[in-house]
Amino acid sequence: GIQVEQSPPDLILQEGANSTLRCNFSDSVNNLQWFHQNPWGQLINLFYIPSGTKQNGRLSATTVATERYSLLYISSSQTTDSGVYFCAVDPSNTGKLIFGQGTTLQVKP
Amino acid sequence: DTAVSQTPKYLVTQMGNDKSIKCEQNLGHDTMYWYKQDSKKFLKIMFSYNNKELIINETVPNRFSPKSPDKAHLNLHINSLELGDSAVYFCASTPGHPQNIQYFGAGTRLSVL
């Protein structure tokens, strides 16, 4: 089956810093989503981005489908950005999301 | 209003017991899911229902049985609980094609003692 690898596994930032999280996937996909799991465990959908670039406030994401990777950019990080960021893909858009192992982000004040 | 709600939020029980987790969504979505998140935070899909019909059934022990009385509800019943069942279980829903964006509940933390 498809493999989803995220890097780095852990990231510690000072408040105000920028960061880039990466998601590599081993096969073509029709659906790619980024999620944030906050320290209380809630999973929030950040982006649906099977290709192209999207921006939402301080967050933006880019997926290069032909090269099988996606990037999540966090600018001017805040302590509330802490948590785990997951990339999830669905090779055939059937709704069966395959999750990466996540990047754990800690933003220090 | 909570879009996808799960009850209970916490569940502590003894090995061998039977327990249920309930999920309801008020988004009008046709498709609902159950995911399991283990202690290493790895998320894996278990089941998916579309309008009360089972469409995804991953390799999950028969002790786990989903039930969908209507398209707004998807419950998970677990028989003969084992220590390895301890995890956080998430319910999710999606409006379906074309984007299949999934919306998650807050999770149910199950601890089997």
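The basis for the numbers below is simple: all heavy atoms, side chains too, and nothing from hydrogens, waters or symmetry mates. Keep in mind it's a predicted model, so treat the numbers as computed, not measured. First the proteins, then the strands, lettered A, B, ... as listed; each starts at 1.
Surrounding NZ of A/Lys54 are more than 12 heavy atoms belonging to other residues, nucleotides or ligands, all under 6.0 Å away. Around CD of A/Glu5, the count of heavy atoms belonging to other residues, nucleotides or ligands within 6.0 Å does not exceed 12. Residue-environment remark: CZ (B/Arg109) stays at or below the threshold of 12 foreign heavy atoms within 6.0 Å.
For residues 9-18 of chain B, a heavy-atom distance under 4.5 Å to chain A picks out no residue at all. Using a 4.5 Å cut-off between non-hydrogen atoms, the part of residues 40-47 of chain B that approaches chain A consists of B/Lys41, B/Phe42, B/Leu43, B/Ile45.
Interface residue B/Glu58: only side-chain heavy atoms are found under 4.5 Å from chain A.
Highest contact tally toward chain A, considering only B/Ser48, B/Gly107, B/Gly105, is held by B/Gly105 [criterion: heavy-atom pairs under 4.5 Å]. Taking A/Tyr48, A/Phe99, A/Trp40, A/Phe47 one by one and counting their heavy-atom pairs under 4.5 Å with chain B, the maximum is reached by A/Tyr48.
B/Gln37 approaches A/Phe86 most closely through the heavy-atom pair NE2-CZ, 3.6 Å. Closest of all the heavy-atom pairs between B/Phe90 and A/Gln37 is CZ-NE2, 3.4 Å.
No donor-acceptor pair closer than 3.5 Å links the side chain of B/Gln102 to the backbone N or O of A/Gln33.
Inter-residue side-chain proximity for A/Leu97 and B/Tyr35 is flagged as met; some heavy-atom pair is nearer than 4.5 Å.
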